[in-house]
Amino acid sequence: MLRLEHVTKSFAGTRAVSDVSLELTPGRVLALVGPNGAGKSTTLRMACGLVTPDRGSVSFDGVPIGSMGGRLYRHLSAVLEDSSLAYMSLRGWANLEYQGALYGLTRRRTRERSAAMLDRLDLRRHMDKRVGDWSRGTQQKLALVTALLPGPQVLLLDESTLGLDVVAKRDFLAEVRRLADRGMAVLMTSHQSEVIEGFADDIALLEHGTVRWAGDYATFMDRFAGGDATPGALERALLRLFDDGADKEERRERGESPEREEATTWNRGD
Ligand SMILES: Nc1ncnc2c1ncn2[C@@H]1O[C@H](COP(=O)(O)OP(=O)(O)OP(=O)(O)O)[C@@H](O)[C@H]1O
């Protein structure tokens with residue numbers, strides 16, 4: 001499975017990600033959360049080979065992804081923020097079939113593989129129209145269908161439900177859940193805490209490029225939300241964690257030290 005070990009990346013001397021280690025698990029959704037600039041997208045881009053770490057390694061089933069070439073993309077797909085691979089002047093079908101051909105699929109095979117998903121995501125009625133005329137959310141759903149054409153074991157999603165209406169978001173997430181339930185490993189970033197709440201199986205908190213905490217969602221909620229399971233609990237916990245001022249104030253009120261807990265490394269048994 002996909003494993004990041006001690007990855008570090010700087011841009012022009014500025015450290016974006018520092019010594020991050022994460023491992024994806026088949027059948028589980030890992031959500032990367034953290035404030036703006038925490039290094040979530042950079043981590044995700046290293047996970048799919050778009051950014052090469054300065055230090056550390058990314059491997060799939062023990063093989064460094066850098067040595068896998070195009071083979072990697074039979075195992076791993078990504079839907080990245082604002083980077084739908086669609087050709088805007090082409091119709092939906094032409095886009096899908098072109099992408100299918102890149103994976104060595106015939107037109108017929110591409111249509112067979114995507115058929116059920118196009119129905120579940122309510123995309124079929126758009127497929128004869130130019131993608132450039134589609135709404136952003138509809139384009140995003142096509143990006144998901146396209147990403148899944150090769151039948152990957154790993155799916156990376158970077159803010160991929162941003163801008164989707166409630167129905168599109170529900171359908172998109174239901175599809176991702178369905179895939180995870182069938183064994184796919186998913187790594188997602190999202191600032192929409194309502195998307196992660198009740199959806200992610202695991203959570204990793206990134207701050208200033210490092211993993212502050214990682215483990216399963218229920219443990220996270222016990223530890224940082226005091227077991228609060230009411231709607232919005234995740235957002236409240238994240239506010240306390242990332243709004244330094246508010247956090248210190250609350251701690252003082254509770255008579256605790258205003259300093260926050262030290263970072264811990266990824267530990268699935270945590
Ligand atoms: N290509 C790049 N060139 C220069 N700096 C970059 C580049 N990509 C990211 N950075 C910097 O690295 C840091 C981490 O950025 P990154 O996009 O990974 O954070 P993020 O957690 O995804 O943020 P956001 O929530 O705002 O999307 C930021 O300081 C950002 O400015």
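Just so you know, ligand 1 is whichever comes first in the structure, and atom 1 is the first atom listed for that ligand. Since the model is a prediction, treat every value here as computed from it, not as a measurement.
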Should the pair R74 and Y103 be classed as cation-pi, given the thresholds of under 6.0 Å to the six-membered ring centre and 45° from the axis?
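Judged by the rule (NZ or CZ under 6.0 Å from the ring centre, within 45° of its axis), R74 is not positioned above Y103.
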
For A38, the atoms of ligand 1 under 4.0 Å from one of its heavy atoms are 19 (O), 20 (P), 21 (O)

Which atoms of ligand 1 are found less than 4.0 Å from any heavy atom of N36?
23 (O), 24 (P), 25 (O), 26 (O)

To the nearest 0.1 Å, how far is [atom] from its closest protein heavy atom, and which atom is that?
atom: atom 21 (O) of ligand 1; answer: K40 NZ, 2.7 Å
atom: atom 16 (P) of ligand 1; answer: T42 OG1, 3.6 Å
atom: atom 8 (N) of ligand 1; answer: F11 CE1, 3.4 Å

Nearest 0.5 Å, please: how far is CG in L241 from CG in L234?
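With rounding to 0.5 Å, CG (L234) is 9.0 Å from CG (L241).
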
Are any non-hydrogen protein atoms located under 4.0 Å from atom 30 (C) of ligand 1?
no

For atom 3 (N) of ligand 1, is there a protein heavy atom at a distance under 4.0 Å?
yes

Taking non-hydrogen atoms only, is A12 closer than 4.0 angstrom to ligand 1 via side chain, backbone, both or neither?
neither

Applying a heavy-atom cut-off of 4.0 Å, say which part of H191 lies close to ligand 1: side chain, backbone, both or neither.
side chain

Heavy atoms of other groups near E5 CD, more than 12 under 6.0 Å:
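For E5, atom CD is crowded (more than 12 foreign heavy atoms under 6.0 Å).
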
How about R178: does its CZ atom have over 12 heavy atoms from other parts shown lying under 6.0 Å from it?
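Yes, the 6.0 Å shell around CZ holds more than 12 heavy atoms from other groups.
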
Going by heavy-atom distance to atom 22 (O) of ligand 1, choose the closest among P35, S41, A16, G13.
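Closest candidate by heavy-atom distance is S41.
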
Pick, from G37, G39, G209, S190, the option with the minimum heavy-atom distance to atom 23 (O) of ligand 1.
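Nearest heavy atom to atom 23 (O) of ligand 1 lies in G37.
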
For D158 and T189, test the side chains for any donor-to-acceptor distance below 3.5 angstrom and give the result as yes or no.
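There is such a pair between these side chains.
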
Donor on one side chain, acceptor on other, R236 and T230, under 3.5 Å:
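A donor-acceptor contact under 3.5 Å links the two side chains.
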
May I have the step-by-step check of salt bridge (Lys or Arg N to Asp or Glu O under 4.0 Å) for R177 and D201, ending in yes or no?
CA-CA 10 Å; R177 186 75 259 171; D201 301 301; 3.1 Å; yes

Considering both backbone and side-chain atoms of G34, is one of its nitrogen or oxygen atoms within less than 3.5 Å of a nitrogen or oxygen in ligand 1?
no

Quick check: does any side chain N or O of Q140 sit under 3.5 Å from a backbone N or O of T161, one acting as donor and the other as acceptor?
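Checked: no pair found.
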
